[in-house]
Every structure is written in C-alpha cells, then in structure tokens.
Amino acid sequence: QVQLVESGGGLVQAGGSLRLSCAASGTIFSIYTVGWHRQGPGKQRELVGTITSGGTTNYADSVKGRFTVSRDNAKSTAYLQMNSLKPEDTAVYYCNMNWRTGDYWGQGTQVTVSS
C-alpha cells in the first residue's frame with residue numbers, strides 16, 4: 001500500500017545544515033499536499049512546513065528563512081532543507097501526505113542539534 005520513508009536525519013552542530021527526504025511509494029505522489037512535522041522532547045507535535053500539489057509552501061514562524069520545503073514529483077520525494085540549525089530544532093521529524101482520499105505518515109527521523 002502507501003508508504004512514506006523519511007531519511008537524512010542525524011547529529012549536527014548548531015549553525016549547520018541537514019536535508020531530510022521523504023520518499024513515497026504505492027500512490028500518485030503528485031496529487032498530495034506534503035507536510036513536515038516535528039516533535040521535540042516534552043513538546044507537542046508542530047507543523048513545520050507544507051507544500052501543495054501546486055508547489056505553494058507555508059512555514060511555521062520558528063523556521064521561516066531557515067527551512068525550505070520542496071518536492072520532486074518525478075522521484076515521488078519531498079524534501080526539507082534545514083539551514084542555520086538551532087538546538088531547539090532537535091526533534092523527530094515526520095513526513096505526512098494528505099489528500100481527500102487519504103492521510104499517510106512516515107515513521108520519523110531523528111534530528112539532533114548540539115550547541
């Protein structure tokens with residue numbers, strides 16, 4: 001069926017960069033809105049950014065100017081480019097696809113930013 005697999009997480013020092021990938025299979029990726037969410041220790045899950053099927057993006061205020069959501073429909077993959085990382089960005093990052101026919105989540109990937 002439909003699967004989403006996040007990758008690219010890891011350890012990085014403050015000020016560094018990471019790019020997360022979300023690879024989709026089992027569905028027509030191009031029709032979905034993709035959202036990146038994160039949940040840090042002791043915090044609620046937060047919507048980081050979204051990209052629609054048409055390429056329109058939105059971002060949480062906390063990441064504006066630092067993070068960029070993109071997608072490559074030919075590869076059925078969405079990306080989250082994270083620059084100027086801060087310790088408060090430490091969280092498990094999740095990829096989500098939503099359309100009228102379904103709502104799907106990946107397993108998450110850990111991002112840890114050291115000070």
Side-chain angles (χ1 to χ4, degrees):
Q1 204 185 340
V2 178
Q3 291 189 79
L4 297 177
V5 179
E6 298 100 333
S7 62
L11 293 167
V12 65
Q13 290 187 319
S17 298
L18 285 173
R19 188 170 82 153
L20 306 184
S21 297
C22 173
S25 62
T27 192
I28 305 172
F29 175 77
S30 60
I31 68 175
Y32 289 88
T33 291
V34 175
W36 285 97
H37 305 248
R38 67 185 182 186
Q39 188 166 21
K43 299 179 181 179
Q44 291 186 286
R45 186 167 294 187
E46 173 189 24
L47 179 63
V48 174
T50 60
I51 183 166
T52 69
S53 61
T56 300
T57 56
N58 286 283
Y59 300 94
D61 288 342
S62 59
V63 306
K64 284 181 179 177
R66 300 189 298 120
F67 290 12
T68 302
V69 179
S70 62
R71 67 194 298 161
D72 185 340
N73 289 336
K75 297 180 179 179
S76 295
T77 301
Y79 304 95
L80 180 65
Q81 178 67 47
M82 305 184 294
N83 299 325
S84 302
L85 283 161
K86 304 174 181 179
E88 51 262 46
D89 295 319
T90 295
V92 177
Y93 284 72
Y94 298 90
C95 178
N96 164 256
M97 295 197 315
N98 183 260
W99 197 53
R100 68 177 183 86
T101 60
D103 185 32
Y104 306 100
W105 292 83
Q107 80 290 338
T109 186
Q110 176 70 48
V111 172
T112 302
V113 184
S114 62
S115 60

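Linking ILVMFWY side-chain heavy atoms closer than 4.5 Å, directly or via other members, places L11 and M82 in two distinct hydrophobic clusters. Hydrophobic clustering keeps Y94 apart from L80 (ILVMFWY residues linked when any side-chain heavy atoms are closer than 4.5 Å, directly or through intermediates). Linking Ile, Leu, Val, Met, Phe, Trp and Tyr whenever their side-chain heavy atoms come within less than 4.5 Å leaves Y93 and L47 in two separate clusters. Connection of V69 to V92 is not established within any shared hydrophobic cluster, with ILVMFWY side chains joined at heavy-atom distances below 4.5 Å, either directly or through further cluster members.
We find the CE-CD distance between M97 and Q3 to be 10.5 Å, quoted to the nearest 0.5 Å.
Remark: V12 engages L18, L85, V113 in a side chain to side chain contact (heavy atoms under 4.5 Å, CB included) (not counting sequence neighbours). Shown here are the side-chain hydrogen bond (donor to acceptor under 3.5 Å, both in side chains) partners of D103, two or more places apart in sequence or in another chain: N96, N98.
The closest donor-acceptor contact from the side chain of Q81 to the backbone of T68 lies at 3.5 Å or more, if one exists at all. Q107 contributes no side-chain N or O that, together with a main-chain N or O of V5, makes up a donor-acceptor pair within less than 3.5 Å.
Of all heavy-atom pairs spanning S62 and E46, the tightest one is OG-OE2, 3.2 Å. Annotation for S17 and S84: closest pair OG-N, 4.3 Å, computed over non-hydrogen atoms. Minimum interatomic distance between S115 and A14 (heavy atoms only, all atoms of both residues): CA-CB, 4.4 Å. Between I51 and R71, the shortest heavy-atom distance links the atoms O-NH1, 3.4 Å.
Evaluation of the salt bridge (charged side-chain N to carboxylate O under 4.0 Å, His left out) test over residues 84-95, restricted to residues two or more places apart or in two chains, returns R38-D89, R66-D89. Sorted by first then second residue, the ring-ring contact (aromatic ring centres under 6.0 Å, His included) pairs that include residues 34-68, not counting sequence neighbours, are H37-W105. Counting only residues at least two apart or on different chains, the salt bridge (charged side-chain N to carboxylate O under 4.0 Å, His left out) pairs with a member in residues 52-62 are D61-K64.
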I'd like a table of donor-acceptor pairs (distance under 3.5 Å, sequence neighbours excluded) in which one partner is a side-chain atom from residues 19-33, with atom names and distances.
residue	atom	partner	partner atom	Å
T27	OG1	Y32	OH	3.0

